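Notes follow once the structure below has been shown.
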2 protein chains.
Amino acid sequence: MTTKELIIEEALTLFSQKGYHGTSVKDIANAVGIKDSSLYKHFSSKQEIFDIIVCTMENKMEKMSLEMGLPPDNNFTSAASYYGSLTKEGLLALSRQVFLFYLKDPFVARFRKMAIIEQYNQENIYRVYHRIFLESSIFYLTALFQEMIAQHIFVAVDACILAMNFYTPIFFLLCKYDQTPDLEAQAIECLDKQIGEFYRIYRICE
Amino acid sequence: MTTKELIIEEALTLFSQKGYHGTSVKDIANAVGIKDSSLYKHFSSKQEIFDIIVCTMENKMEKMSLEMGLPPDNNFTSAASYYGSLTKEGLLALSRQVFLFYLKDPFVARFRKMAIIEQYNQENIYRVYHRIFLESSIFYLTALFQEMIAQHIFVAVDACILAMNFYTPIFFLLCKYDQTPDLEAQAIECLDKQIGEFYRIYRICE
DNA sequence: GTCTATAGTTAGATAGAC
DNA sequence: GTCTATCTAACTATAGAC
């Protein structure tokens with residue numbers, strides 16, 4: 001890893017814990033193991049470090065979200081069929097995978113925390129955070145459930161409602177168990193109950 | 001309003017927008033209309049201002065949460081009967097009232113934002129925020145729905161699941177529409193759909 | 001690309017006049 | 001209880017040696 005990448009890395013960790021203003025250039029340099037003045041050979045300002053993190057993570061998150069969890073490709077019809085073939089246990093496993101990815105993936109977890117604490121302060125991260133965690137998720141799931149309803153996998157209710165019922169407990173649990181990795185089992189138990197209920201209500205049995 | 005109260009007031013506004021480290025003592029003093037040094041006649045440090053806000057808001061929030069929205073008294077049996085008599089429109093109105101209170105009440109809205117952006121940095125506000133917005137809400141609703149199930153108002157499923165299904169969309173929408181008061185109608189529309197669905201699924205019709 | 005040295009600014013906080 | 005003046009420390013950032 002280059003020094004530049006190391007700086008990004010340590011800055012992300014510190015920003016996600018103490019926030020932008022709570023982290024000094026010296027803190028970052030210390031974490032990297034260089035003097036604060038040396039840092040300016042790689043970046044022109046502290047703000048630039050932050051902005052580059054936002055850009056980098058924006059692309060990374062977009063890519064990860066696509067690979068992970070939801071669309072294997074961007075074809076909703078095949079995705080719907082694929083998920084439709086899942087048993088209840090398969091659906092539980094899938095939701096756990098998505099939840100734990102957002103909760104524990106080192107990049108995603110730090111980025112989410114940084115975004116949460118800097119969203120009112122830094123315009124760029126507000127947009128990215130809201131797009132990824134509050135808009136795209138619902139948008140994608142709505143389209144997916146729409147297709148699954150068309151394929152008679154789920155009962156015919158407003159797909160947006162399905163998306164909300166599926167995703168909002170995940171979002172809530174992410175916020176709730178953010179700082180308590182030791183309570184992961186409890187989080188998963190609650191998640192399983194919600195997804196189980198979702199399956200019970202909306203899944204059309206063969 | 002005394003100067004001391006004014007300081008608390010302006011500090012809360014600034015902390016909720018720019019965070020603790022993003023707000024200087026001078027910023028607060030300017031907002032109040034005094035010199036920064038004068039501020040130390042009322043508080044011994046910047047941290048003390050923050051801590052007093054947390055304590056004050058903790059009590060205020062606790063009281064408001066009780067008055068508002070949910071329990072008219074702490075008797076779940078009567079509360080359950082009361083809410084059981086609500087029509088669908090009554091339930092929608094109630095959920096809207098709770099949502100808009102958390103979203104727009106000047107104290108609650110600022111406190112929630114401050115809590116969100118300082119939760120990883122200040123231990124005291126982490127506890128208060130999680131207790132009020134992530135634990136108590138679910139805990140209270142679980143007890144309430146438990147009682148409503150016993151009274152055959154709702155179908156007999158795990159009351160905790162009901163509480164999550166009722167509350168997590170509200171929580172999600174609070175996060176989503178925090179900074180966009182102009183999109184309030186859109187938020188309410190989505191909330192109504194979720195609560196309507198909740199009513200449709202779980203309410204036992206006479 | 002790292003270091004030392006330092007400029008220039010702002011931060012939180014105190015002393016003492018009124 | 002507000003002000004001016006001031007202290008000390010920390011901050012972002014730059015200059016220049018190696």
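Each chain gets a letter, A, B and so on, in the order the sequences are listed, and its residues count up from 1. Values below: every heavy atom of this structure, side chains too, minus hydrogens, waters and symmetry copies. Everything quoted here is computed from the prediction, not taken from an experiment.
- Rounded to whole Å, atom C1' of C:dG1 lies 14 Å from atom CG of A:Leu6.
- The side chain of B:Lys41 lies closest to D:dG1 when the candidates are D:dT12, D:dG1, C:dT2.
- No engagement by B:Thr2 is indicated, since no non-hydrogen atom pair under 4.0 Å with the nucleic acid exists.
- Of the candidates C:dA13, C:dA11, D:dA13, D:dA13 carries the atom nearest the A:Tyr40 side chain, counting heavy atoms from C-beta on.
- Residue B:Ser37 places its side chain closer to C:dA15 than to any other of D:dT12, C:dA15, D:dT2.
- Distance, A:Lys26 NZ to C:dC3 C1': 14 Å, rounded to whole Å.
- The base of C:dT2 does not come close enough to the side chain of A:Thr3 for any donor and acceptor atom to sit less than 3.5 Å apart.
- Protein atom CD1 of A:Ile7 is 15 Å distant from nucleotide atom C1' of D:dT12, rounded to whole Å.
- Side-chain nitrogen and oxygen atoms of B:Lys46 include at least one within less than 4.0 Å of the OP1 or OP2 phosphate oxygen of C:dG12.
- Rounded to whole angstrom, the span from the CG atom of A:Asp27 across to the P atom of D:dA9 amounts to 18 Å.
- Taking the six-membered ring for Trp and the full ring otherwise, the centers of B:Phe166 and B:Phe145 sit less than 6.0 Å from each other.
- For the residue pair A:Gln119/B:Gln179, the side-chain donor-acceptor check at 3.5 Å is not satisfied.
- By the 4.0 Å N-to-carboxylate-O rule, B:Lys193 lies too far from B:Glu197 to be salt-bridged with it.
- Put simply, CZ on A:Phe43 is 11 Å from P on C:dT2, counting in whole angstrom units.
- Not a single donor-acceptor pair, N or O on each side, falls under 3.5 Å between the base of C:dT10 and the side chain of B:Ser24.
- Of the candidate nucleotides D:dC3, C:dC3, C:dT14, C:dC3 has the atom lying nearest to any side-chain atom of A:Ser38.
- In this structure, CD1 of B:Ile34 is placed 9 Å from C1' of D:dG1, rounded to the nearest angstrom.
- Applying the side chain to side chain donor-acceptor pair (under 3.5 Å) rule to B:Tyr40 yields no partners; only residues at least two apart in sequence or on another chain are considered.
- Aromatic ring centres of A:Phe107 and A:Phe111: separated by at least 6.0 Å.
- For A:Asn30 and D:dC11, the CG to P distance is 10 Å, given to the nearest whole Å.
- When the C1' atom of D:dC11 is taken as reference, atom NE2 of A:His21 falls 12 Å away, rounded to whole Å.
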